[in-house]
Every structure is written in C-alpha cells, then in structure tokens.
Amino acid sequence: MMLIPTHHFRDIERKPEYLQPEKCVPPPYPGPVGTMWFIRDGCGIACAIVTWFLVLYAEFVVLFVMLIPSRDYVYSIINGIVFNLLAFLALASHCRAMLTDPGAVPKGNATKEFIESLQLKPGQVVYKCPKCCSIKPDRAHHCSVCKRCIRKMDHHCPWVNNCVGENNQKYFVLFTMYIALISLHALIMVGFHFLHCFEEDWTTCGLNREEMAEAGISLHEKMQPLKVSSTECSSFSPPTTVILLILLCFEGLLFLIFTSVMFGTQVHSICTDETGIERLQRKNQPREHTGSWQSVKETFGGDFSLNWFNPFSRPCQPEIPSDKDLVRQVTSLSDTETTEDPSEETKEEDCVEVIDE
C-alpha cells in the first residue's frame with residue numbers, strides 16, 4: 001500500500017494511518033428524517049433576530065402609519081393584503097433557510113474501518129477534512145461556523161444563521177426575492193404617502209400668522225389637533241410620522257439593493273451550476289456541468305410551477321450518496337495535484353491512493 005503526496009509535497013507514507021483515522025469518532029446514529037437543524041452561533045442568532053425585527057418594524061409602519069388611518073379603503077385593503085402576503089412568505093422562507101440541513105456530510109466517518117471498507121483501487125483517492133474528520137465528497141466544503149462539511153456550499157449567511165447549500169438554496173433565493181419585493185413595495189407606498197400628506201394634512205402646520213389669516217385659520221384652530229381630512233395621513237403627530245417613514249425609507253432602500261444583488265448572484269450560480277466558492281477558486285479541474293435549466297429545476301423542485309415560489313415545498317431531494325461517491329478517480333500524480341483546491345482549507349486535506357504491492 002502506498003500513499004501519493006498532495007500538491008504541497010508531503011512525504012510519501014506507506015500506512016493508512018496517514019489520514020489519522022484513529023482520531024476520528026464514528027458518526028452518531030442518524031436522527032429521524034426531518035430533524036430540525038439549528039446552528040448555535042451568537043452572531044448568526046443576533047442577525048436572524050435583527051432580520052425579523054426589521055420586517056416587523058416595516059409591518060408596523062405600513063399598517064399603523066400608512067394603511068389603517070387612510071380613508072381610501074380599497075387602497076388600504078389591496079396594499080395591506082399584498083404587503084402582508086409578501087412579508088409572510090419572506091419570513092417563512094427565512095425560517096426554512098435557517099432550519100433546513102443545507103447538506104451536511106456525516107461527521108467523523110473518516111475512521112480506519114470505514115476507509116478500509118471502501119476498498120480503494122489503484123488510481124482512486126479519498127479526501128478527508130481534518131477539521132470535522134469527514135471524508136468529503138466532490139464539491140463539498142468545510143464551514144468553520146457550522147463546523148461541518150457542506151455539499152455544494154455556496155457561502156455561510158449570518159442573516160439566516162446557516163450555510164447555503166444544495167438542500168436550502170431554494171429557500172435562500174426566495175427569502176432574498178421576497179425581501180426585495182416588500183422593500184420596493186414599502187418604498188412606493190412611502191413615496192405616495194409623502195406626496196399626499198404634504199399636499200393636504202401637513203400643509204397647514206408650517207403657516208405663519210399672515211398666511212393663516214389669508215387662509216381664514218385662527219391661532220386657536222391651529223393649536224387644535226389636526227382634523228381628519230378625506231384621507232388622514234397618520235394617527236401619529238406629523239414629526240413622528242416623518243421620522244418613522246424616513247427610517248422605513250432608509251431600511252427599504254438598503255435592503256432592496258442588498259437583497260437584489262444577492263438574488264441575482266444566487267440565480268447566476270444556479271444557472272451556471274457553480275457555487276460562490278467554486279467561482280472564487282476557479283478550479284482548473286474540468287467538471288461536467290449540468291444544463292442551466294436542469295440545474296434550476298433541481299434547485300426549485302421539478303418543472304416550473306407555483307411551487308417554485310412556495311417556501312413550504314421541497315426542492316428536488318438528491319439521491320442519498322453512496323460510499324462510492326466518496327471515491328474520486330485519478331490517473332497520475334499530476335492529476336492528483338490538479339484536483340486540489342488552492343484554498344487554505346484544501347491544503348489541509350489528504351488524499352490516498354492504494355496500489356497493490
């Protein structure tokens with residue numbers, strides 16, 4: 001048995017202990033299907049709470065500052081239904097993206113017994129992650145926050161407190177899309193609200209004595225609470241209303257830009273069948289790419305339908321990888337070198353080729 005060195009030219013060893021499998025703990029018995037996945041990361045939990053708070057703040061301003069006080073009931077009902085539906089879908093997508101296993105590789109399966117059970121043949125290699133002691137399948141990467149290797153990992157997003165991988169990328173795409181839509185919707189409503197209020201209810205608040213005299217408004221009348229016009233601006237005072245709307249406008253503009261960019265990036269990654277990590281690394285190893293439409297259907301769950309936009313429908317579940325999927329084929333040392341990732345993480349990976357003596 002002989003071990004071929006990786007691209008960082010380690011000494012050739014002749015023992016399978018090169019992978020240090022004795023330090024690996026066998027993976028625990030797998031839990032039932034559908035077991036909740038949650039990452040206990042303080043920063044991620046705080047970001048997730050902030051995300052919910054910002055959505056609920058927008059909900060409060062839209063309902064109690066703009067829609068409920070309005071006397072245009074058709075306008076209020078239509079916009080209320082649209083905004084609340086988009087907000088519900090955004091929060092549902094956020095929960096699904098946060099609580100769904102992104103495609104974690106079984107932890108601690110790089111044991112000596114498991115490696116021997118693979119019965120590697122000449123020219124076959126396996127990659128082991130020294131951080132979580134797992135044998136990594138192709139296109140898997142280790143996440144230092146989740147402390148696991150994730151299949152087709154795109155990136156770790158603190159806003160959903162989870163990695164974006166092959167099992168939850170659909171929910172992350174829907175989350176960014178719905179947040180962008182409610183941000184745009186809120187900005188449009190704020191614009192109409194400002195135009196209406198400056199034209200009607202707030203125009204008398206800044207009049208001086210001469211202007212009030214010309215308008216026939218007494219000082220006593222000005223000191224009285226604003227009278228309800230045909231479409232009242234807000235149940236709050238004008239300064240409070242302006243502050244709330246400006247904060248909502250700033251929040252909506254910021255998240256509209258951010259989530260739109262993330263949505264476009266994710267759609268591009270799905271269509272090109274290339275994760276964000278792979279795009280940054282630009283591997284020299286040629287890889288067979290599935291068609292862009294096929295990749296989209298696998299991510300969103302079959303042929304085009306309304307279920308693509310439903311955060312409660314599952315994407316196409318990939319087949320459970322077999323042990324043979326952990327083995328990669330190389331033909332020479334130069335091929336082994338080209339399969340290595342140029343990242344620090346990959347520099348710690350070990351590859352083994354077993355040759356009959």
Side-chain angles (χ1 to χ4, degrees), residues 23-25 27-28 30-32 34-61 87-109 129-134 136 140-180 182-183 247-248 250-263 265-266 269 275-277 280 311-312 343-348:
K23 295 184 179 180
C24 295
V25 179
T35 301
M36 181 176 294
W37 170 276
F38 184 76
I39 302 300
R40 294 176 178 84
D41 175 59
C43 178
I45 295 174
C47 289
I49 293 175
V50 169
T51 301
W52 275 69
F53 171 78
L54 293 175
V55 174
L56 294 178
Y57 170 78
E59 182 83 14
F60 168 78
V61 175
F88 171 76
L89 292 173
L91 293 179
S93 301
H94 182 271
C95 286
R96 295 284 284 177
M98 180 172 58
L99 303 178
T100 299
D101 182 351
V105 176
K107 190 175 183 178
N109 64 351
C129 176
K131 298 177 182 178
C132 61
C133 214
S134 301
K136 297 173 62 173
H141 301 276
H142 184 86
C143 175
S144 58
V145 179
C146 298
K147 297 180 176 58
R148 299 286 292 273
C149 286
I150 308 297
R151 294 190 301 271
K152 291 182 66 176
M153 174 183 170
D154 187 87
H155 69 286
H156 183 92
C157 179
W159 295 105
V160 298
N161 189 33
N162 201 359
C163 278
V164 178
E166 67 177 4
N167 289 347
N168 68 342
Q169 190 173 27
K170 169 188 175 177
Y171 308 130
F172 182 76
V173 172
L174 293 181
F175 168 67
T176 57
M177 182 184 72
Y178 288 129
I179 290 293
I182 64 173
S183 299
L247 291 177
L248 177 61
F250 177 77
E251 174 193 342
L253 183 62
L254 179 65
F255 278 89
L256 174 62
I257 297 174
F258 176 73
T259 54
S260 297
V261 171
M262 289 301 301
F263 175 77
T265 302
Q266 290 297 304
S269 297
T275 65
I277 294 178
L280 291 175
F312 299 100
S343 62
E344 293 182 0
E345 169 197 337
T346 314
K347 290 181 180 179
E348 298 181 2

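For the ring pair (Phe, Tyr, Trp, His ring centres under 6.0 Å) test, no residue two or more places apart in sequence or in another chain qualifies with His156. For Tyr178, the ring pair (Phe, Tyr, Trp, His ring centres under 6.0 Å) criterion is met by no residue, not counting sequence neighbours. Under the rule for a side-chain contact (heavy atoms from CB on, under 4.5 Å), the partners of Tyr57 that lie at least two apart in sequence or sit in another chain are Val61, Leu244, Leu247, Leu248, Glu251. Partners of Phe312 according to the side-chain contact (heavy atoms from CB on, under 4.5 Å) rule, which considers only residues two or more places apart in sequence or in another chain, are Phe88, Ala92, Asn310. Every residue meeting the side-chain hydrogen bond (donor to acceptor under 3.5 Å, both in side chains) condition with Asp154, not counting sequence neighbours, appears here in chain and number order: Gln266. Under the side-chain contact (heavy atoms from CB on, under 4.5 Å) criterion, Ile49 pairs with Ile45, not counting sequence neighbours.
Rounding to the nearest 0.5 angstrom, the gap separating the SG atom in Cys149 from the NZ atom in Lys136 is 4.5 Å. Rounded to the nearest 0.5 angstrom, Phe172 CZ and Leu174 CG are separated by 11.0 Å. For the atom pair CG of Asn168 and OG of Ser93, the computed distance is 11.5 Å after rounding to the nearest 0.5 Å. Rounding to the nearest 0.5 Å places CD1 of Ile179 at 9.0 Å from OG1 of Thr176. The line from NZ of Lys152 to NE2 of His141 is 11.0 Å long, rounded to the nearest 0.5 Å. Distance CD/Glu59 to CG/Leu54: 13.0 Å, rounded to 0.5 Å.
Considering every non-hydrogen atom in both Pro106 and Arg148, the closest pair reads CA-NH2, 4.1 Å. Phe38 and Leu99 get closest at one heavy-atom pair: CD1-CD2, 3.7 Å. Across every non-hydrogen atom of Cys163 and Cys146, the tightest pair is SG-SG, 3.5 Å. Across all their heavy atoms, Ala87 and Val55 have their closest contact at CB-CG1, 4.3 Å. In terms of heavy-atom proximity, His155 sits nearest to Cys157 at NE2-CB, 3.7 Å.
In terms of modelled atom types and a separation under 3.5 Å, the side chain of Arg151 and the main chain of Gly165 share no donor-acceptor contact. No side-chain donor-acceptor contact under 3.5 Å links Asp101 to the backbone of Asn167. The backbone N or O of Tyr171 sits nowhere less than 3.5 Å from a side-chain atom of Arg96 that would complete a donor-acceptor pair. Remark: side-chain polar atoms of Asn162 are paired, donor with acceptor, to backbone N or O of Thr100 under 3.5 angstrom.
In this model, no donor atom of one side chain and acceptor atom of the other lie less than 3.5 Å apart for His94 and Trp159.
Annotation: side chain of Phe175 is not in contact with side chain of Pro311 (no heavy-atom distance under 4.5 Å). Considering only heavy atoms from C-beta on, Ser269 stays 4.5 Å or farther from Thr275 through its side chain. At a threshold of 4.5 Å between non-hydrogen side-chain atoms, the residues Ile277 and Met153 count as touching.
Under the 30°/60° scheme for interplanar angles, the aromatic rings of Phe255 and Phe258 are found to stand perpendicular.
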